[in-house]
Amino acid sequence: MNTKEHSNFFQGKVFAILGLLILLIVPNFVDTNVQIVFILILFYALCASCWNIVCGFVGELSLGHAVFLGVGAYISSLLLMDCSLSPWIGMFIAAAITAVFGVIVGLPCFRLHGPYFALTTIALGELIRIFVENNETVFGINLRGAMGLVLKQSGNQFIAFEFANKITYYYVLVALVAVTILVTWLIKNSKLGFYLTAIKSDPDAAESLGIKLTKYKLIAMGISCFLISFAGTFYAQYFRYVGPSRIFSHDMSVQIALIALVGGQGTVFGPLMGACLLVPITEFLSEEFGGTLPGLHLFIYGIVMILVVLYMPRGIFHPVTKLFKSIEAKLFSFGKKSVQKGEK
Amino acid sequence: VPQTVAPAATEAPTQAAAATETTTTDSADVPVVKIGFVWPLTGNSATIGQQHSDGALMAIEEINANGGIKSMGGAKIEAVVYDSETSPDVGSSRVETLCTKDNVDIIVGCYNSAVTFPASEVAQRYSTPFISMGGVKNEITERGYEWVFRVNNKASYDVAEMLKGVDLCLQASPDTAAAVEADGGLTYALVYESTDWGSDNARIWKEEADKRGWTCVLDEPVTSGQSDMSAQAIKIKKANPDVINFSFYTNDAIVFTKALFANKINPRLGVWSVGGGSQDAAFYKACSPAEYEYSFVQEDWNVSMPYLYDWAAKISEDCYAKNGYYITSFFAQGWTAAKVAIAAIEAAGTNDKEAIRQALVNLDVKLEDCADSHIILTGYPEIKFDQDGQNTFSSGTIIQYQNGVQIGFSPLSAATPGYSPIIPIPDDFATRGSTSKPWGTAPEVK
Amino acid sequence: MLDSVLLALIYGILQGGAYGAIALGLSVIFGVTRVTNFAHGAMLMLSTFLYYELFTRFGIDPYIGILLVTPVLYLLGMATQKFLITPLLKKERGTTQDPASLLLITLGLGYAISNLFMMIYGSDYKTIPTAASRSYLTVEIGDFLFTTQWSRVIAFLAAFIIGFALWFIINKTELGKKIRAVSQNRDAAAICGVDVYKTYAVAFGLGIAAVAVAGACLSEYYFVQPQVGTLFGTKSFLIVVLGGLGSIPGAILGGLIFGIVESVGAQFITSSASSMLTFILFMIMLFIRPSGLLGKGGKV
Amino acid sequence: MLDVKELRAGYGDIEIVHGISLKVLDNQIVAIVGANGAGKSTFIKALMGMIPVKKGTVTFDGQDITSLDTNKICDHGITLIPEGRQLFPQMTVEENLDIGACTPTTRKDRDRKKEEMFELLPRLRERAKQMAGTLSGGEQQMVATARALMSSPKLLVMDEPSWGLAPILVTELFQTIETVRSEGTAVLIIEQNVATTLSIADWGYVFENGNVTMEGAGSELLCDEGLKKAFLGI
Amino acid sequence: MGEIIRLEHVSKKFGGLVAVDDFSGEIETGSIVGLIGPNGAGKTTLFNMMSCTYPPTSGKIFYKGVDVTKARTDTMAARGLARTFQVTKPFGDMTVVENFMVGAFLHTKDRATARKQAEEIYDYIGMSCGRDKPANETTTVDRKKLEIGRALATKPELLLLDEVMAGCNPQEKLELVETCRKIQKCGITLVVIEHDIKTIMTLCEKIVILHRGAKLTEGTPEQVANDPRAISAYLGEDYHAGC
Ligand SMILES: Nc1ncnc2c1ncn2[C@@H]1O[C@H](COP(=O)(O)OP(=O)(O)OP(=O)(O)O)[C@@H](O)[C@H]1O
Ligand SMILES: Nc1ncnc2c1ncn2[C@@H]1O[C@H](COP(=O)(O)OP(=O)(O)OP(=O)(O)O)[C@@H](O)[C@H]1O
Ligand SMILES: [Mg+2]
Ligand SMILES: [Mg+2]
């Protein structure tokens, strides 16, 4: 896994760097309207990367990850609304609580496998959604039930996580995504990553080698929830509204999982690639056809999914890097021969 | 390409006409005014969003066919329609697109309160006038946003109207009132979907009912998407309320209504619906007249409009011809919201957003002046925004289905002449609905 | 009190049977092909639209329409397997199949189907006003009134008929033997002379055909609308998992539990709380029996 | 009866079998021996249509069966006992045997055949109603053998049938193979148990890195010095 | 030296089937013990109980004097018990060396250290397929070696080998026997299940024959080979004659 992927990634480095540069620089020079799409790309990339940390590595499909996104969003927003705590601090408190919550939830869930696991996470998501919708207060905290949390504008203050222009939001996301990808990469190359991959390929063998299955799954879960909670805080601050029927929705969970799966689960950059492919398609189609032919955009979305799976069943990451590599090899075949000789 | 009804759709006939004569105006010279719409066209409330859309687009068509915005030299109106997918984040992203890419002059949306909240905030941030339509949540216009206006009522209005309707019923039938009194006062059951809309209505109803000293015998939130509501029917039957109030969207409203009828549940003061699903044309296609006979609905428009005003009757016919249904609350809401936007632009006489906002602030339209402008199809006596941007005159009608026909009786101004509410509800399950007329039939004015 | 609980129990059982009927097809498909068919709800919806068309155009009652629609859906199921799933399985021949890609493809198919119908039919709620949906089974003893549409009773019975038919086919026929063989080891089945992909297609077809029968029952008492699938789809999954994936009695049992808990639970707590209760119960049961109530032990 | 010409096959882009020609005549026992990884199993998989054939032809009884689907090849009368048993774990032993004869032609004889198998391997009768997945390794191997014989094949292909068998059973197994042959079935067998195999084989092939390096009558090969060194550890 | 693992009246039932029936015995530290018996005798089941994959239905297991009857597999590994599987279970997505690294991570957190140890093991057990070959593309023998190496990487004191030589030709078997000896020299106790009597006779100091879940006999290879019960139940007259 590691060695292979590294070489892949670094051999396609021209494109990788190009891609990252586009993500870093281009949003500065486009309309706000395009910036929104970039923000959504990174937002979903962030969520999908977090999903990937636990599900991609362990090989179980969680279809309820929006719950943790929502918990993060709720906690940091409540801290802001009720305790006037800056989201910059609140998001860490939220992350810590979400991580603990994730571990508690994961404890029973990870006893299940395959479809049982996937569908239990669906049930969990629905349960939390209905619960929040129907309960105004929980433990004396006013969750405002189905109405959701409306964050008041407080003027463009950095301290309040509120910015005048989209680009600032964007760079906040860039930082979050960078951290997440870095964490993913570190995990992948550490004991944890080896253990998770081992668990994914054969839990029995893994256990016989002294790997505590639940412990490592839960560590991954904790990290994943910690990070996705940041995405939740971002969501709340960016849209300035957190409603249970969306943030805890099955649709949201599925979307997160889809992007990671289409990108390539268990890979470091897959989720980002998945988001780069799917989010613009959705946004474009929904804008173009949402008003005239409701349903068309989701229809095409479905077809795209089918095609991706049929032709790249393990996600777009490997085929795309392979393609980049071969293009690169052609483009730079000149200088390459000497390099290869040198290597040998 | 987003839906652009305007020039393309209406120019075809006019161009054909123009071709036979000579080209009168160079179409390139005519300025274009853009109105943005964000509606739920997919998802749970899609049928409703579709009717809004139908109404608004027909209103725009009408204006364009009649020479566009006069104060701007006959400017044509272009509608840019997006689907909110009933999701707050999609909705607010679309509003942002409207503000930045499409650069519209005014925005109308988004029906669901949960979507309207963040979406109207985006409009506020971009200093673009936003007309909230459909969303009844009080807080939408209580945030001090100067760019946000609401034509339709708040939730508290809806409920207040209904309770007033119940009062009227009690007055209309003193015997029933006495019987209710004798049984220890009026009792009611609240059944509602557990979304912000449903629970808001229930909460406000309770507050108002407490003031009147009524007793709540059942408070039942239901998760939306039920395929059977027999369990709820049993519960209601056991609670035996005088009034049932329900708030459901179309799908649950259908299932609920059928369950009530099957279980022969017949509260003496009737079944009252806040609207939502029971204002939807689809509801009436799915239910038989017997099932909704005698039920009360808070309609967000004056159902008597087509009978009171010829021009409204004409629009209703056109609507039927085009969409297969007569005017509904949602169609009327869409229509009026679009017309208000147009009126503001007409008054401003320019694309300048601040001028349009000012025009909205100053807007004052009375129903009786609408004979030519056809602005108010929703049956409000007047449209005038208060300092919060709320139209304080917005009011609906309480109607009762009698022989399958909508009979308005509250407020009195919207009452169908010659009718009064049937109270107590007769126990005629065997014959109920046998003489009912199809839905949409006009009442014979007595 | 007892009255209403008894009533609620009966309604719950009826409703649960209907849930079970819908979930059965899903269970069969999973049992054989290990595919969690996320397009299940969409296919259910598709079948109800076919019944709707038959009824409005030709006045054919859905119960009779079954004869026409079921073969069509059977073919659709076979086609799905043949053109979407088999290529995937072939591609991954030899290696263990990756559940993620199968999930994605059926999810994509579900999106495509339900939104295609959204485009064609709009989001209107349509009903099929047949005799069975308009006539009621009523039992009235004094104050005790039990009443329900005949179509719901039929849906309940259908669960057992479909369930028995599927059980019979799978456990008692030659075809069933092949289906089970393929489900347990496709390579081995192939060397025994079983046409693996055809058997898969047949199994998928059977599952979808079962959905079509359930769809007929559903369309007699519920409405026809492109979103219907999402509603029943998710529920079917929970039911099938609760009962044990791949188990036919399990699907019916799971359905009954869901129906009863929802209905009886609502007599003691609010309806929305009782929906939560079903989810909580679902999770608790799974934690006690990680492979469902009647599931075959071990990992899936 | 089986004639393989210049067969090339492999996994994905990797070619493992580089042009192998091989013949099985009527009523013969033919053995394939070779080190681990020589490509024996891969050759068999290609032969049986379980992986695509890149080049070359396979003819059986004069008919071209190259690249047919596995089940079609079975219909021609070839069955395989695969490497690693491959039973239907959640079906009973009896049902496993039933599947062995599930084509319309073989089904007629099913009950008689099953009885024969139970005679041949009495242990199976004891376990007839047990789920195959819960059998021990050796019991599973018996089921696999019996299942393959259920269809009365013209050619029986065996990939390491003695894998995991106790010595007693290995002896029995080779007796079984000879019995099968005496009833008119040709056998193509891959075995690590080189000495025993070659001693009963009419003809043997030695595979090395995807090529045939040697062939000859079983007893001849047994005496070959090079072979002895390589495989018999002598 | 003392015993490393002791089983007391251990039984295992699967439903009505008694797979292991009242088995008692112990294994000397540092020895190589062979476990043989007909198919279905319960050898693998015994291994599974020793490695705590599932608990016995009755009886007790002591590992280094501690009662581990109800312990979990992963803790057994940490205590120094490693095993291989009869049906090999490589981590297919990883390379050979990475497979070893997973084992090595039991005692280190550091990736470089783990890699170093893994490479040592690769050389130690004499694999030749290439360090970075994906594990699911390796041959049967290499998979067997992979299983052994991965178990070794956890630095065990007791190693249970379940038919690692099945499917290997005599030459390869000889190699594996050498490997086993080498492992024993490092002070690791070995229990080996094998059907190849010749191999096991040369390799083991002590042999236990299991028959229908119970211990039939045990002793040195010569004792066992001449035990009439062993001959009739397992070895067969042929084998005896052949000797
Ligand atoms: N699924 C696979 N994908 C890629 N390569 C494979 C696969 N299976 C086997 N190989 C490779 O093919 C080569 C030949 O393997 P094969 O199984 O045919 O050998 P064999 O002669 O049967 O040996 P054995 O005695 O181990 O069964 C080996 O080098 C192995 O690495
Ligand atoms: N999980 C299980 N469920 C039911 N029965 C089982 C299970 N595992 C093993 N058995 C039964 O227990 C008995 C012993 O099996 P075990 O695998 O231990 O045999 P073994 O001695 O390893 O045989 P072999 O040498 O063939 O591998 C067998 O009869 C088998 O059918
Ligand atoms: Mg082989
Ligand atoms: Mg064993």
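Chain naming here is simple, since letters A, B, ... match the order of the sequence lines and numbering starts at 1 in each.
Contacts between B:Tyr145 and chain A at a heavy-atom distance below 4.5 Å involve the side chain alone, from C-beta outward. Contact of A:Asp31 with chain B is not made at all, since no heavy-atom distance falls under 4.5 Å. B:Thr97 touches chain A through backbone and side chain together, each having a heavy atom under 4.5 Å away. Heavy-atom distances place both the backbone and the side chain of B:Ser194 under 4.5 Å from chain A. Of the atoms belonging to A:Ile39, not a single heavy atom falls under 4.5 Å from chain B. Both the backbone and the side chain of A:Tyr238 come within contact range of chain B, each with at least one heavy atom under 4.5 Å from a heavy atom of that chain.
When ring centroids are compared, A:Tyr169 and A:Phe43 stay outside the 6.0 Å threshold. A distance below 6.0 Å separates the ring centres of A:Tyr235 and A:Phe239.
No hydrogens or angles considered: a donor-acceptor pair under 3.5 Å links the side chains of B:Thr42 and B:Asp83. No hydrogens or angles considered: nothing links the side chains of B:Arg357 and B:Ser127 as a donor-acceptor pair under 3.5 Å.
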- request: Dump the intermediate steps for side-chain contact (heavy atoms from CB on, under 4.5 Å) on A:Tyr170 and A:Leu23, then the final yes or no.
  value: CA-CA 10 Å; A:Tyr170 183 76; A:Leu23 284 178; 3.9 Å; yes

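Taking the six-membered ring where tryptophan is involved, the planes of B:Tyr111 and B:Phe330 are perpendicular, since the angle between them exceeds 60° and thus also 30°.
Using a 4.5 Å heavy-atom cut-off against chain A, the contacting residues of residues 116-124 of chain B are B:Phe117, B:Pro118, B:Glu121, B:Gln124.
Nearest heavy-atom pair across B:Val115 and B:Cys110 is CG1-CB, 3.7 Å. When all heavy atoms of A:Ile259 and A:Ala275 are compared, the closest pair comes out as CG2-N, 3.3 Å.
Using a cut-off of 4.0 Å between Lys/Arg side-chain N and Asp/Glu carboxylate O, A:Arg129 and A:Asp251 are scored as not salt-bridged.
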